[in-house]
Undergrad: 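My questions will all concern the structure given below.
Note that the numbering runs from 1 along the sequence shown for the chain. All values below were derived from every heavy atom in this structure, side-chain atoms included, with hydrogens, water molecules and symmetry-related copies excluded. Ligands are counted one by one from 1 in listed order, and the atoms in each one are counted from 1 as well.
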Amino acid sequence: MLSIWSSRPRYLHMALFFMAYVLGCGFAQALAIVPGITVSIWPPGGVFMATLILTSPYSWPWWILVGCMAEMFAQYVWFHSPPVAGFLIYVGNALCAIVGAMLVRRACGRAVRLETLQEVLAFVVLGAGVAPLVSATVGSATLAWFGVKSQTFAAVWPLFWIGDATGILLVAPLALVVIRSRAPLFAPQWFEASVLGLIFLGVAALALGGYLSSPYIIMPPLLWVAVRFEFKGAAVALTLLALIAMALTMSGDSQFVGDPESQRQQQVMLQLFLVISAFSALIVAAISRQHQLAVLTLRQSVEALRDRELELSQLVNMVPSHVWRLTPEGVPTFFNKRMVDFLGLDVADTERPGMGRLEAVLQTIHPDDAAGFGAALRGCLATGESFAMRYRLRSANGDYRWMSSRAEPMRNAQGTIVQWNIICVDIDDEVRSQEKLRLAHESLARASQAASLAELSASIAHEVNQPLAAIVANSSACYRWLSADPVNVGRAKMTTERIVRDANSAADVVSRIRALFRQSVEQRNSIVLSSAIAEAHNLLADEAARRRIRIDINVESNLPAVSVDRVQIQQVLVNLIRNGMEAMDSVTGHDGVLRVRVFRVGDQVQTEISDRGRGVEFPDRIFEPFFTTKEHGMGMGLAICRSIIESHGGRLWAQNNEPVGATFICTLPVATNAAQ
Ligand code: ADP
């Protein structure tokens, strides 16, 4: 109840509805030309139904009330039926409008605009065909019951039904279409509408006035209007047609006004004429609308396709590569913009007398690569396999640039090749930087060869230097013993033996290095490390004595043998012990003992040489070649030691002692039986 009250239409609208209803009744009265029968075309039915279709069902009670007032007013003014009969006739009319509005709304399922054939058919069949059955039945029964002008049910019913149907067909579309769709007619159409309107009015006046043989001559202009201006045009034209019919009927000039006997038939003919006109115009308007929509959709699709094509071609032109297409036979059909700019020629320019288009393209390839490229491409065209190749392509300014090309066939649903797509990427910068890198590698390799040579020379010098220094020292000692008075032959002999031993040691080093150069197999023997340590100790005994350092050797009993190159291992031990003694030289206040410990750890024999020197300052770097902190050092000793130990499958590293000194630790694998 509340929502009915809150859905009250505006008074202005209700007033307009009242006026339209009353005017419609007046129109019906004007056309009621059959003697003794009060019914004719009933426009208020169209006004009523269109109103209910357009408004919310909650507001319907208001329209029904206003409609009732309008009809009772019209009954009083024009039809003069008894009030109860007038009211009952109105009940029939209201039911007709309600049933029609409900059926049409349900069939269309959304805001009714009469824009599709389905909507128009629903309106014509349900709204104009089915709904008036109610009003015709109720109205005819009422007239017969009350005996208004002695009308019988059977005589009135058909006229009532067709009259209501005509009214609905003529007026409802005008209300629905014109009120609902607010799109204006635009200027170019106004001219056409005016010309067409004049023609329509002229033909309508002549046809309905009886000057032309048949009123249906109006059909061509009416359908023309429907085709060109769709529902709007059809609704306006139908209203005009009805008004002209009314005016001519009232003035007695209408073709449908005849002698009193034939008047009933004339009335039916007029109603049929209007029904057929309305039906045809509305159906044609619906078909035209649908056609327009289809054309519009097609146009939109074509435009969308064109946009898409444009987008794609922009994309193809934007990609930073050359893209070209070939027919399955290998005839170029498309170059993208980048390719055209690069080559300075488009597909059309490859058309040359006595030469295929592909040959013209091959001419832009470097002479060294063209034959290979052509053969590979033709092979792919024949086999349908994809193709990838690098080659040099000539640009418009004559420079060649390296390209990497890839061709892929495009197949249709049946698997037949329909075209070849080739993408061609400029890799010139990459190729040139690769070339530069290769040259850099080569020069680096040469440089490192030179460095290795320098390293090797330094290492030879270092290793030979030590025994030579010892030989020089022992030679001067020997000279002194021989120059002494009396000559100390015993000492001189001992010194000479040392000289011989050092000289042999130097010779051994040299022969090892020569063996290394000859890539000879190392001479490895299975020895117990204690013997090599003892020899190293012997070698350095004098030097240690001179430095006032005692070498304390501690070898674990039952030490397993190791498989080593004796001379090389001696070299390592001498180096490590001498480094330790040198480190202790620079430090005072120590106990003057350099400890050498040898023991077994798992399957390794570990040797630790601990000094009481200043410790290792740069533990990460001391094994690098040429790293030295000594004034006359060469920095090669530890590098050589580590490479010797590692070549024996062992490890060599250094750690600082607490509180002073450093320990150099080397491990060597225990000799296996096979090695022994
Ligand atoms: P060099 O003896 O010619 O300097 P090495 O390769 O034998 O070359 O030694 C490299 C460096 O390692 C030495 O200059 C020294 O700084 C450091 N070093 C080697 N042994 C010891 C050690 N026992 N105590 C402290 N530093 C050492």
Undergrad: Taking 4.0 angstrom as the limit and counting only heavy atoms of Gly580, give me the atoms of ligand 1 inside it, by number and element.
TA: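 In order of numbering, the contacting atoms are 23 (N).
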Undergrad: Among protein heavy atoms, which sits nearest to atom 4 (O) of ligand 1, and what does the distance come to when rounded to 0.1 Å?
TA: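 Here the closest protein heavy atom is Thr628 OG1, 2.6 Å.
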Undergrad: With respect to Glu582, determine whether any N or O atom, backbone or side chain, lies less than 3.5 Å from an N or O atom of ligand 1.
TA: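 Min N/O separation from ligand 1 is not below 3.5 Å for Glu582.
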Undergrad: Nearest to atom 26 (N) of ligand 1, what protein heavy atom do you find, and at what distance?
TA: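 Result for atom 26 (N) of ligand 1: Gly615 O, 4.0 Å.
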Undergrad: Just by distance, with hydrogens left out, do Gln363 and Arg394 show a side-chain donor and acceptor under 3.5 Å apart?
TA: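 No, because no side-chain N or O of Gln363 sits under 3.5 Å from a partner of the opposite role on Arg394.
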Undergrad: Counting non-hydrogen protein atoms only, what is the nearest one to atom 27 (C) of ligand 1? Give residue, atom name and distance.
TA: Phe664 CZ, 4.3 Å
Undergrad: If hydrogens are left out, which of Asn657, Asn579, Leu576 has an atom nearest to atom 7 (O) of ligand 1, that is, the closest non-hydrogen atom?
TA: Asn579
Undergrad: Where the closest heavy atom to atom 6 (O) of ligand 1 is concerned, which of Asn656, Ile640, Val587, Leu638 has it?
TA: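 Looking at heavy atoms only, Leu638 sits closest to atom 6 (O) of ligand 1.
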Undergrad: Salt bridge check: are Lys337 and Asp341 linked by an N-O gap of less than 4.0 Å?
TA: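 Judged by the 4.0 Å cut-off on N to carboxylate O distance, Lys337 and Asp341 do form a salt bridge.
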Undergrad: Is there a nitrogen or oxygen of Asn575 sitting under 3.5 Å from a nitrogen or oxygen of ligand 1?
TA: no
Undergrad: Quick check: Val616 and ligand 1, any N/O pair under 3.5 Å apart?
TA: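 Val616 vs ligand 1: no N/O contact under 3.5 Å.
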Undergrad: Go through the structure and list residues passing side chain to side chain donor-acceptor pair (under 3.5 Å) with Asp585, not counting sequence neighbours.
TA: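 Only Arg547 meet the side chain to side chain donor-acceptor pair (under 3.5 Å) criterion with Asp585.
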